[in-house]
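Here the structure comes first, spelled out in structure tokens, and everything after it is commentary.
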Amino acid sequence: MKIAIKHFIHGALESARDAGELELSPFPEILVEKPKDEKMGDFSTNIAMTLAKSERKNPRAIAEIITRYLSNVSDDLSEVEIAGPGFINVRMSQDFFLQRLRNAVSQGNNFGQTDVGKGIKIMIEFVSANPTGPLHVGHGRGAAVGDALARILRKAGYDLSTEYYVNDVGNQMNFLGRSTWLRYKELLGENIEFPDDHYRGDYIKTIAKEVVDLKGDEFLSQSEQDCLPYFRKFSKDTILGGIKNDLADFGVTFDNWFSEESLYEDNSVEKAIEWLREQGHIYEKDGAVWLKSSAFSDDKDRVIVKKTGEKTYFCSDIAYHQNKINRGFKKLVNLMGADHHGYVPRMEAVLEAMGYDKKIFKILLVQFVSLLRAGEKVSMSTRSGEFETLTDVVNEVGVDAARYYFLMRSSDTHLDFDLELAKKEAPENPVFYIQYAHARICSIFRTAEEEGVVWNRSAEIDLSPLVDEEEYAIIRAILAFPEVVEKSALAMEVHRISHFLLDLVSRFHGYYSRHRVVSEDKSLTLARLYLLDALRITIRNGFELMGISAPEKM
RNA sequence: GCGCCCGUAGCUCAGCUGGAUAGAGCAACGGACUUCUAAUCCGUAGGUCGAAGGUUCGAAUCCUUCCGGGCGCACCA
């Protein structure tokens, strides 16, 4: 929509230049925005103010010149005026909006789709929680944000893949296997001493029980060394399976699950080290192998092979990201918990060492979630916390509310998640406020049908009965949707969608209370239904990006 | 000590990559259902944008310093 306006202004500027009234060298970037107050106009530009300096004229004088040329550039412009220090406010004809409204409706589920992404191949990696225990609420936020972002980027025209990186090697896997093994022996009556640094959660006991059910006591006679591989694999597979299930229940699926172990199996890690060595980015000190990351974005060098000969997590991460690039991804996005932010510079250093601009790599930090119950903080400690897992929260408040709460705030601010509020079906809960609007619209359509109104989406409906300013306010809001998606994608900020929907829907609720849709006036009824259909499509598409359902009845 | 994030109404947060008189929800107060879902609507009140400087036509937004809160600073992942 704004592109059209930009185009008009561009034309006016060119005419002004050709007539010698403006110099315009270089030709300026045109910014079109919505005025502060809708009463001031449909669109506004500050172009006259930004030109003030280079043209050596005062902004209002420049605005007057532009306005003169703008007036006859298109019939769609119904009003052009100068305001304040030099803003040019324009108002568009009803036809301009109605035509675009029809266009939106005809796009249906695709409405909102844009092509800013230009088909660029991009990967977003998120959650990637270690398979050593169930997902907790923090992972839940990461999952919701990553999944929504993926949907938004697709909608914005990127060629997107999602991936979950499974850290299935290393010491933690040994601890995991050993934890299960110990619980297994305990179940079979042996006395054990359970170390503090092992996984103490009850889920380990559940897994041990499964081993007992499957294998009986056959491992009792074996040495730890012999049976550990089995326990390690079984525990990992079980937990990973649980994670996949939890995520699926939460509406989150991945295009690919990438195993860290596979990087060792195909020698990628070794090759990556060799390669870095050839590039001269590696040296040895104190019996360990170091990456000279301080030569790049990092503030110190990092160990990649310990003096014990074991590779660090960071080491396989190098191979992993090399692998991503080799698969042809032009942009890599990683979501991480904010507590890992110290990791960012060294990863950027890796990309730079590989010879890439660190701009192709974007790490989004997702801040912590505080779980509240009626305003009181719920303990998150592993021992006492009853509502710490994602599944528990989803079971209590539902998928829609949980996802909404994770997505409603900018992900770089701490989130207070109030369980009581999230499951409350009340006005102060924005999820239901938006869903209710959708259900209400559907209800109006049911009423219309009962009243014998014949309606179908593809029929050529006369929209001229739409004259109310409130109706145009809704239309303008609907038509802004593609721009919201676009901005949301470029800024990688998911919360914009929920704010957009909230604003959109509150206009509708107000409109609803003041206007009757289904009435004696046939043509007015049809035109208004058409508008509500567009609105319904927009709400649905917006919710789709958030992974939230749009119920037809509530 | 060093680095990253945050500080906007009583509370929770927006503020569109520098623009017009700083917004919304909740909470508070006052109104609106014989009419398509009151899970709704309308109105009132509420502010030194943490503080001080700087950059310019113009700053909540950009820069510097300080204060306050969170999180990091491993041969853990």
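Order of the sequence lines fixes the chain letters, A, B, ..., with proteins taken first and strands second; residue numbering starts at 1 for each chain.
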(message) If I compare all heavy atoms of A:L501 with all of A:T538, which pair ends up nearest, and what's the gap?
(response)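 Between these two residues, the closest heavy atoms are CD2-O, 4.2 Å.
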(message) If you assign A:Y343 and A:I444 each to the RNA chain B nucleotide with the nearest heavy atom, which residue ends up on the more 5' nucleotide?
(response)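 The answer here is A:I444.
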Suppose we call a contact any N or O donor and acceptor under 3.5 Å apart; does that hold for the side chain of [X] and the base of [N]?
X: A:D317; N: B:A77; result: no
X: A:D299; N: B:G3; result: no
X: A:H341; N: B:G3; result: yes
X: A:S44; N: B:A20; result: yes

(message) Per the salt bridge (charged side-chain N to carboxylate O under 4.0 Å, His left out) rule, what does the pair list look like for residues 128-138 of chain A, sequence neighbours excluded?
(response)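 Of all non-adjacent pairs touching residues 128-138 of chain A, none passes salt bridge (charged side-chain N to carboxylate O under 4.0 Å, His left out).
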[Y]/[X] salt bridge by N-O under 4.0 Å criterion:
X: A:E270; Y: A:K311; value: yes
X: A:E163; Y: A:K324; value: no
X: A:E483; Y: A:K34; value: no
X: A:R200; Y: A:D197; value: no

Any idea which of [options] is nearest the [X] side chain?
X: A:K487; options: B:C75, B:U12, B:U17; answer: B:U17
X: A:R409; options: B:U12, B:G19, B:C4; answer: B:U12
X: A:H414; options: B:U40, B:A77, B:G70; answer: B:G70
X: A:T413; options: B:C13, B:A20, B:C41; answer: B:C13
X: A:F368; options: B:A77, B:A20, B:C71; answer: B:C71
X: A:Y436; options: B:C71, B:C75, B:A38; answer: B:A38
X: A:Y512; options: B:A39, B:C36, B:A20; answer: B:C36

(request) Without swapping roles, check the side chain of A:H139 against the backbone of A:H136 for a donor-acceptor pair under 3.5 Å. (result)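 Yes.
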(request) Spell out, as yes or no, whether a donor-acceptor pair under 3.5 Å connects the side chain of A:Y203 to the backbone of A:T132. (result)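 Yes; at least one donor-acceptor contact below 3.5 Å.
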(message) Whole angstroms only, please: what is the CG-C1' distance between A:L421 and B:U12?
(response)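 My rounded result for the distance is 9 Å.
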Check whether any side-chain N or O of [X] sits under 4.0 Å from OP1 or OP2 of [N], and answer yes or no.
X: A:H495; N: B:G15; value: yes
X: A:Y433; N: B:C41; value: yes
X: A:R446; N: B:C36; value: no
X: A:R440; N: B:A38; value: yes
X: A:Y405; N: B:U12; value: no

(request) Have a look at B:C33 and give me syn or anti from its glycosidic angle (syn if within 90° of zero). (result)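 Judged by the O4'-C1' to base torsion, B:C33 sits in syn, the angle falling within 90° of 0.
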(message) Which residue is it: A:R528, A:R507, A:R476, A:R514? I am looking for the one with a salt bridge (charged side-chain N to carboxylate O under 4.0 Å, His left out) to A:E471.
(response)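 Going through A:R528, A:R507, A:R476, A:R514 one by one, the salt bridge (charged side-chain N to carboxylate O under 4.0 Å, His left out) with A:E471 is satisfied by A:R528 alone.
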(request) Please state whether the rings of A:Y165 and A:F258 are parallel, tilted or perpendicular, taking 30° and 60° as the class boundaries. (result)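 Answer is tilted, since the angle falls between 30° and 60°.
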(message) Does the Lys NZ or Arg CZ of A:R536 fall within the cation-pi geometry relative to A:F445 - under 6.0 Å from the ring centre and within 45° of the axis?
(response)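 Yes, A:R536 sits over the ring of A:F445.
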(request) Could you tell me whether A:Q367 contacts a base, only the sugar-phosphate backbone, or nothing, with contacts defined as non-hydrogen atoms closer than 4.0 Å? (result)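 Answer is sugar-phosphate: A:Q367 comes under 4.0 Å of backbone atoms only.
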(message) By the 4.0 Å heavy-atom rule, please label A:K300 as base, sugar-phosphate, or nothing.
(response)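 The answer is sugar-phosphate, as A:K300 gets under 4.0 Å only of primed atoms, P, OP1 or OP2.
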(request) For RNA chain B, list all stems, counting runs of three or more consecutive pairs where every pair is Watson-Crick or G-U wobble with both distances under 3.5 Å. (result)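 RNA chain B forms these stems: B:1-7 with B:67-73, B:10-13 with B:23-26, B:28-32 with B:40-44, B:50-54 with B:62-66.
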Give me, pair by pair, the N or O atoms of the protein and of nucleotides 30-33 of chain B that are less than 3.5 Å apart, along with how far apart they are.
none

